[in-house]
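Scroll down for the structure; my scribbles are underneath it.
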Amino acid sequence: MNFDVSNIRKDFPSLHQTVYGKPLVYLDNAATSQKPISVIEAISGYYSTINSNVHRGVHFLSQKATDAFEGARNHICSYLNARHSHEIIYTRGATDAINLVASSFGKKYIRKGDEVIVSALEHHANIVPWQTICNEKQAKLRVIPMNDDGELLLSEFETLMNDRTRMVAIGHISNALGIINPVKTITALAHQRGIPVMIDGAQGIVHKKVDVQELDCDFYCFSGHKFYGPMGIGVLYGKEEILNELPPYQTGGEMIKTVTFEKTTFNDLPFKFESGTPNVADVIGFDRSLSYIESIGMDQIESYEDDLLDYASRKLMMIHGLKIYGEKCRRSGVISFTLDRIHPYDAGTIIDKFGIALRTGNHCAQPVMDRLNIPGTLRASFAFYNTKEEADVLADAILKVQEMLG
Ligand SMILES: Cc1ncc(COP(=O)(O)O)c(C=O)c1O
């Protein structure tokens with residue numbers, strides 16, 4: 001294995017700083033990851049050389065920008081193993097992509113009395129857009145329950161599906177607990193009944209190699225900023241045949257073929273879903289982050305991260321009064337925990353003073369916390385640039401918190 005974390009860390013300028021006089025230990029990667037220098041340079045390189053609007057110009061810069069913008073789409077297509085590059089739609093992020101599908105799919109296919117299935121483990125981004133369209137259409141949102149360990153109950157899922165189920169929308173990896181959901185099985189079970197599946201891959205893409213043809217999902221989405229790319233850019237993959245049938249989400253320039261005051265005809269995929277001037281710089285930045293990930297290799301990343309998570313989990317489990325949620329499940333990237341008699345917010349505030357960036361609260365997954373009957377957790381979320389030494393620093397800081405507040 002030629003994975004060398006100390007070399008990798010050199011590529012991330014933001015990791016090399018002190019916070020309150022202590023070396024930064026960045027463990028909030030599920031919220032957003034740090035960026036390699038090549039991504040930062042790609043963004044400034046775009047603005048300092050080929051900044052121009054895409055698709056519309058015959059001039060040199062516009063053609064250069066268009067080539068880079070469409071080249072990135074081809075790159076994402078091959079990374080995800082999608083069949084066609086027009087199955088890749090640029091969005092602002094995962095939230096935007098889910099809103100696009102919920103709104104557009106919902107407008108066309110969801111009727112009064114229909115049902116949409118989500119799971120008990122979802123981020124709010126994969127609940128609220130579906131809840132909103134269900135309310136609008138007088139349809140019903142149904143929920144795959146989970147057990148006390150955080151595992152989804154597949155037998156219950158099978159009984160939830162019926163002739164009125166129009167969509168199954170499911171997270172790949174839970175941001176709140178790190179649990180890996182059996183999305184391939186869920187997709188196959190839904191497809192047996194002819195029900196399409198949307199996978200929220202905001203956390204999944206970061207920790208797993210994703211092959212959309214192998215998953216056979218109808219939609220897969222994620223955000224660039226959690227995947228070592230810039231903020232404000234995301235991806236929606238959708239199968240061509242289903243995207244072709246959907247009405248546009250937002251309207252305006254770029255997404256049209258012809259416009260008169262009487263009638264507008266819409267553009268082909270992917271442009272039908274990309275109205276207005278796109279976020280060219282961040283598409284180019286994201287393209288570079290994908291190249292960076294490929295240069296290391298997702299297999300290497302996955303095995304390093306699994307080993308690191310295992311080490312950190314064991315270390316934290318040795319701390320008396322610390323409880324890890326989802327501990328018995330297959331997890332990736334995340335340790336979500338509470339400390340006896342100490343509120344997560346109080347603990348997080350003190351841990352911050354040790355230079356450690358953690359997240360506290362419900363992690364935009366309030367129903368998960370309600371199900372576990374807790375107000376929130378402390379969440380340490382790891383990336384491939386984190387180290388075992390950083391896990392040790394976290395464990396020491398937790399012991400100090402217990403001394404101070406316990
Ligand atoms: C599982 C999951 N889905 C969706 C989102 C929303 O992502 P964004 O805020 O980048 O749109 C997040 C962000 O934390 C997430 O973790």
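When a ligand or atom number is given, it counts from 1 through the structure's own listing order. Predicted, not measured: the structure shown is a model, and the values here were computed from it.
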Proximity flag E122 to ligand 1, non-hydrogen atoms under 4.0 Å: no

Is there a donor-acceptor pair closer than 3.5 Å between any side-chain N or O of E122 and the backbone N or O of G171? yes

With backbone taken as N, CA, C and O and side chain as the heavy atoms from C-beta onward, which portion of K226 lies under 4.0 Å from ligand 1: side chain, backbone, both, or neither? side chain

Do the two ring centres, one from F12 and one from Y385, sit under 6.0 Å apart? yes

Please could you name the atoms of ligand 1 that H225 approaches to less than 4.0 Å, counting only its heavy atoms? 10 (O)

May I ask you to check whether T66 and H55 show a side-chain donor-acceptor distance below 3.5 Å? no

State, without any angle test, whether E254 and S275 hold a side-chain donor-acceptor pair at a distance under 3.5 Å. no

Identify the two heavy atoms, one from N147 and one from R371, that lie closest to each other, and give their separation to 0.1 Å. C-NH2, 3.3 Å

Side chain, backbone, both or neither: R92 near ligand 1, heavy atoms under 4.0 Å: neither

Heavy atom of the protein closest to atom 15 (C) of ligand 1 (residue, atom name, distance): H123 CD2, 3.3 Å

Less than 4.0 Å is my threshold; does some heavy atom of D200 fall inside it relative to ligand 1? yes

Considering only heavy atoms of N175, which atoms of ligand 1 have at least one such atom less than 4.0 Å away? 16 (O)

T95 neighbourhood, listing ligand 1 atoms whose heavy-atom distance to it stays under 4.0 Å: 6 (C), 7 (O), 8 (P), 9 (O), 11 (O)

Ligand 1 atoms in contact with S223 (distance to a heavy atom under 4.0 Å): 7 (O), 8 (P), 10 (O), 11 (O)

Contact check, side chains of L152 and L121, non-hydrogen atoms, under 4.5 Å: yes

Which atoms of ligand 1 sit under 4.0 Å from any heavy atom of Q203? 1 (C), 15 (C), 16 (O)

Does the ring centre of F222 sit less than 6.0 Å away from the ring centre of H172? no

